[in-house]
Amino acid sequence: MASDVAKMKGEITKAHKAVRGRSPLQLAMGRFMRNPLAVAGSIILLIIIFITVFAPLFTHWSPTNPDIMNTDAGPSALHWLGTDSNGYDNMARVLYGGRVDLTIAFAASIMVMVLGTIYGGISGFLGGWVDNLLMRFVDIMLNFPFISLVLVLEAIFNTSNEWMLILVVGLTAWPGAARMIRGVFLQLREQDYVIGAVTIGASRMRIIFRHILPNTLSLLTVLVSMSVAGYVGLDAGLSFLGLGVPPSVASWGAMLNTYSDYISLSTKPYAWIPPVVMIVLTILSINFIGDGLRDAFDPQSRS
Amino acid sequence: MATYIIRRLLGLIPTLFVITVIGFLMMHAMPGNAFEALVFNPKIKNGAALYHRLLAQNGLDQSLPVQYIHWIGNILQGNFGISYNYQQPVSQLIGTYLPNTLLLAVTAEILILIISIPIGLYQARKVNGPFDVSFSFIAVLLYSIPGFVFALFLLFIFSFSLGWLPSQGTISASGANAGSFLDHLQHLLLPALALALPSLAGYTRLTRGYTLQIIVADFVRTAKAKGLGSKRIMFRHIFRNAIIPLVTQFGFDIGGLFGGAILIEQIFTWPGMGELSLNATLNRDYPLILATTLLFAVMVLIGNLIADILLAASDPRIRLN
Amino acid sequence: MKKRSIMMSAAAVLSFGSLLASLGTAASAHTTPKLSGITNGGTIVQTFSTQFGANMIPMLDSSVYTQQILGYQFDTLLSIDQNDHLIGDLVNKWWYSKDRKTIFFQLSPKAKWSNGKPVTIADVKLGIDWLASKSYNNADQGSYGYLVQNIVGASNPITDGTTPSGFKQISNSEFSLTMAQPDAAVLGSMWQGIQPLPSFLLGKIPMSKWKSSQYDKFIPVGSGAYIMTQIIPGQSVTMKANPYYVMGVPHISTNVFKVVSPDVVDGDLASGQVTIAGIQHKDYAAMKKVPGLNFTITPNNAFDYLGWRLNNAVYGKEFSNVKFRQAVEYAINRPALINALEKGFATIENGPLPPVNFWYNKALNNAYAFSPAKANQLLDQAGFKIKNGWRTTPGGRPFTPTLTITSGDSQIATEATFIKSFLNAVHINLVVNPPINFNTVLNQLNGDANGKQPIQGFLLAWNLSNDPDPRGLWRATDNLNITSIDWTNTKDPAVVLNDKLIHEQHTAAAFDISYRKNILDQWQTLVSKNMPENFLYDGESIMAYSNKLHGVVFSPYGLLFPYRWYLSN
């Protein structure tokens with residue numbers, strides 16, 4: 001890639017030749033790599049994933065085995081970020097915590113992106129009775145009783161863990177996104193350029209993928225980064241209500257939940273700032289990547 | 001348009017039916033019921049007998065289809081039943097809790113719209129300027145932090161440290177100005193802000209993103225070429241188009257707002273629909289579960305319908321039929 | 001919500017020390033001490049951590065918070081003081097018949113409703129009729145019918161508005177209650193708690209209509225220290241001092257109960273928006289630095305325990321082995337558990353009564369000192385052999401018991417993790433199941449008579465009343481023992497002895513305090529030795545309150561005598 005970028009900086013004619021020889025995807029990648037924020041976002045996200053996956057390299061404490069003799073300890077040489085009231089090492093929890101949060105967020109984003117786009121796209125593009133039928137199903141899914149589902153699954157499997165939550169999230173995350181994507185499709189398919197494409201006999205697939213989909217990227221970016229934001233905090237919200245993953249499972253959301261009270265906020269910044277920073281960095285980097293992708297695939301949108 | 005609306009309204013009925021059936025089945029699939037704890041109450045002499053009597057009294061010993069038909073029959077007569085847990089008529093409970101939720105939700109929604117749209121438009125006009133960049137960053141910060149943490153921050157600053165605003169309730173319990181307009185406003189401000197801030201950031205991003213996409217469209221260029229003023233272009237040409245996804249989102253949110261914001265409600269002791277429906281589920285309070293499910297579904301469906309109608313109104317080319 | 005998962009009240013009896021001491025004497029010694037420098041007036045704010053129920057007819061709502069509100073508004077016949085002694089209230093004199101079957105009561109001449117009308121025998125009768133009625137017990141699911149069930153004629157719910165034959169009016173201020181068999185527990189655990197009801201207000205309404213009447217939403221009179229003036233549903237109840245209160249006019253003029261989330265209660269205390277509230281143990285050290293607050297630590301009359309389903313299909317036989325349960329008790333390092341979970345604010349519990357209780361058998365103090373060696377020895381004796389580092393059942397099967405915990409309480413999950421590590425140290429391969437919803441656990445406990453239940457071990461807590469009467473909880477016939485023990489094996493001599501001792505502690509002979517103490521000591525020793533459940537510890541609660549608030553009487557039975565509290569400037 002570095003050599004590609006070097007080439008781009010060459011003479012205009014030369015560049016023109018080089019560009020002409022490459023696919024739109026390669027072009028987009030090139031543009032993406034020249035966007036400093038997007039590159040920074042990718043690097044930050046990779047670092048976070050690396051830390052999360054290789055957490056044992058950075059701490060010898062386990063996030064699931066509490067240190068009984070040292071509960072609610074302040075930062076020390078032993079526990080760099082102290083321990084919580086159950087004796088879990090905060091440092092270990094920050095490092096390992098991303099596993100649950102990122103998996104849930106990842107599952108939600110995939111569902112939003114794939115199912116939301118395909119479902120919403122088909123509905124919006126085809127319109128008519130297909131749209132009507134598909135949207136009624138979305139209406140039903142939007143009303144799906146989330147908490148009941150958690151309780152029912154919990155009883156069926158006689159357990160509650162992060163995988164169940166992921167399953168539930170996967171089932172319930174996409175309908176909202178599908179509705180929004182459909183709205184955009186409804187609007188875009190009436191645009192002159194789409195009608196033009198239809199007139200010259202372009203295939204449906206080509207119209208969807210070449211002409212409409214790139215225009216939904218801006219919305220998709222916002223949707224994905226917001227759903228990641230929403231779902232990073234989801235397990236925290238659920239444990240707040242007495243549902244969701246057991247406290248022995250480390251997650252940033254759960255850490256925030258543990259420290260979200262008056263006394264902790266005022267006296268234990270060492271414990272709640274790290275998970276907040278991790279969550280914000282993750283979402284920030286996803287945003288930058290999303291913006292970068294949009295600019296790369298839709299160069300017109302940059303002004 | 002009128003026939004479309006009527007058709008869609010009629011179309012709600014089968015959807016509502018399916019939703020209530022799913023809700024009904026899920027509710028019965030949850031283990032346990034509202035009366036089971038009586039068996040474990042050491043003070044009740046014959047808990048098991050009372051338990052079975054209560055099951056029979058509430059028709060829970062009948063088959064599920066019979067129970068469902070019974071419920072539908074009562075609903076059609078306007079009878080939502082009596083909550084097992086609160087021991088009050090369900091309609092009365094909703095009458096108490098729904099206004100609180102509405103007040104909070106509508107205030108939050110107004111805050112969101114009047115703040116986010118101007119900011120988004122301004123960001124798009126001065127794209128990549130210092131305001132745009134710094135607010136984009138703030139927006140991410142706002143929606144990355146879970147709402148309940150925000151709520152606690154707000155409380156920490158404005159109630160506990162500065163002492164400007166009360167920390168809980170919809171009005172003061174006692175005191176000279178309890179129940180006055182100012183009293184309501186003081187109680188409303190913090191929860192509404194806590195509810196609005198995360199969505200506010202999202203709406204700003206959407207407005208900015210869409211405006212940017214439309215700013216480069218041909219018709220905007222044409223408008224510019226015609227020599228129209230930039231304000232006119234912004235509002236007549238750009239805003240009208242950029243608002244479409246916002247409208248969809250807004251219609252979508254209307255329904256969600258009725259569901260309440262459970263965490264915000266608990267933190268601020270704001271007795272609303274969120275807490276009501278959660279308690280109903282946790283306590284297996286069947287009549288209340290069904291009533292809140294139905295209410296929530298009706299609101300979501302109407303919200304979606306409004307979104308569709310607004311969508312068509314904002315762009316006459318969109319054919320809904 | 002960070003609340004304890006299960007709180008059920010066990011049946012209770014009275015303290016006989018006070019009863020015998022005050023026989024035939026007026027309890028007027030317990031009136032407000034006249035202190036100089038007490039100012040009157042002001043408002044205090046107390047908190048509930050979740051919503052209160054909306055039914056304001058006394059004894060109707062199952063919410064403990066509603067009970068607390070109505071406890072302020074309606075006084076009982078007698079009350080209990082901080083030393084667990086029975087003292088006069090609306091009744092100022094009471095005495096027994098010779099056969100111990102009848103108790104005579106005399107209403108205090110000072111007993112008045114908040115509108116100035118005297119509390120009459122008709123009001124007492126209405127209170128009893130209500131608790132005994134079919135409407136209350138059947139249609140309205142009232143759970144305090146047990147208060148009057150020992151009165152002759154009230155053992156089963158009776159027609160609305162009729163009076164059990166055991167009630168007799170003697171004069172304008174005296175009445176008597178009669179039971180079929182003498183019961184040493186009846187006054188303190190039952191009859192003491194009867195609330196006279198305003199017959200001029202409720203008497204004309206049929207009982208079946210009470211719940212739908214306006215008074216169920218708001219009841220404007222009472223006989224207690226504070227009377228409600230405003231209810232904001234789900235948020236707060238404002239109460240004003242009762243000018244005709246039997247114990248004297250309360251010093252503080254307004255008392256407000258507010259629903260406050262446990263996450264913000266510390267901030268409300270620090271900023272003065274709440275006057276008095278319980279705080280979490282982990283916050284105590286930091287809260288002590290907040291200016292303007294005082295703290296009091298009181299033991300709870302409650303305990304946490306680890307239970308085993310003795311009729312479990314997989315390991316029921318192993319759990320039924322008393323040596324297994326004793327070994328578990330030795331294996332758990334409870335001082336460490338208390339330090340970790342309760343920051344040291346708890347006492348070790350080795351038997352069925354918490355050490356704070358007057359009837360606690362002090363001989364049990366060090367019954368099960370932490371000793372992995374003893375635990376290993378007991379397990380070896382019972383035949384749990386070690387294979388590949390883990391113990392097998394005496395039959396040679398792998399032994400991997402599970403522990404079920406309820407969701408919504410991070411502390412209980414940590415407790416489980418600790419117990420797992422202690423049991424692993426004695427080679428018991430305990431597996432902690434992920435937490436599940438409380439109603440699901442109840443359902444599994446209730447539906448598992450066939451022994452196929454998924455629950456093996458579980459962690460629960462009991463809230464006790466002031467008296468140790470074990471009936472309702474500990475007899476082989478009690479329906480509740482599925483959450484504690486499964487002593488349905490009536491051939492077991494230990495179970496037979498248990499039931500015999502429980503019977504003896506409430507017979508006529510048990511009216512003698514030393515006799516009853518002796519029986520209860522024997523019973524506690526028996527239960528402690530048999531460990532039908534593994535007793536863990538008795539927690540303490542920490543109350544934080546404004547340093548302007550004085551006169552609060554802290555006790556394991558709650559904050560007592562609100563009429564004596566006062567605010568300084």
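All chains are named by letter (A, B, ...) in the order of the sequence lines, taking the proteins before the strands, and each is independently numbered beginning at 1. Only this structure's heavy atoms are used, side chains among them; waters, hydrogens and symmetry mates stay out.
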Next on the checklist: Report which part of Asp268(C) has an atom under 4.5 Å of a heavy atom belonging to chain B: side chain, backbone, both, or neither.
Outcome noted: both
Next on the checklist: To the closest 0.5 Å, what do you measure between CG (Asn85(B)) and CD (Gln51(C))?
Outcome noted: 9.5 Å
Item to check | Gln168(B) and Ser261(C), any side-chain heavy atoms less than 4.5 Å apart | outcome: no
Item to check | Student check: side-chain heavy atoms of Phe160(B) and Asp266(C) closer than 4.5 Å | outcome: no
Next on the checklist: Can you confirm whether more than 12 heavy atoms, excluding those of His70(B), are under 6.0 Å from its NE2 atom?
Outcome noted: no
Item to check | Under 4.5 Å from any heavy atom of chain B - which part of Val256(C) | outcome: side chain
Next on the checklist: Taking every non-hydrogen pair under 4.5 Å, which of Thr170(B), Leu50(B), Leu155(B) racks up the most with chain C?
Outcome noted: Thr170(B)
Checklist outcome for this item: Bottom line for Tyr97(B): the part with an atom under 4.5 Å from chain C's heavy atoms is side chain
Checklist entry - Which atoms form the tightest heavy-atom contact between Ser159(B) and Ser271(C), and what is the distance? => result O-CB, 4.2 Å
Checklist entry - side-chain contact (heavy atoms from CB on, under 4.5 Å) with Ala194(B): which residues, sequence neighbours excluded? => result Ala151(B), Leu154(B), Ile264(B), Phe268(B)
Checklist outcome for this item: Note: Leu54(B) and Asn138(C) closest approach over all heavy atoms is CD2-O, 4.3 Å
Next on the checklist: To the closest 0.5 Å, what do you measure between OG (Ser62(C)) and OH (Tyr84(B))?
Outcome noted: 15.0 Å
Checklist entry - So what's closer than 4.5 Å to chain B heavy atoms on Asp140(C): side chain, backbone, both or neither? => result backbone
Next on the checklist: Please identify, among Gly272(C), Ser212(C), Ser236(C), Gly267(C), the residue contributing the most non-hydrogen atom pairs under 4.5 Å to chain B.
Outcome noted: Gly267(C)
Item to check | Thr269(B) side chain reached by Lys258(C) side chain, heavy atoms, under 4.5 Å | outcome: no
Item to check | Non-hydrogen atoms of Pro233(C) and Pro271(B) that approach each other most closely | outcome: O-CG, 3.6 Å
Checklist entry - Is there a donor-acceptor contact under 3.5 Å from the side chain of Gln273(C) to the main chain of Pro166(B)? => result no
Item to check | Residues of residues 87-94 of chain B near chain C, each having a heavy atom less than 4.5 Å away | outcome: Gln87(B), Gln88(B), Gln92(B)
Checklist outcome for this item: So, the part of Lys217(C) with a heavy atom under 4.5 Å from chain B: the answer is side chain
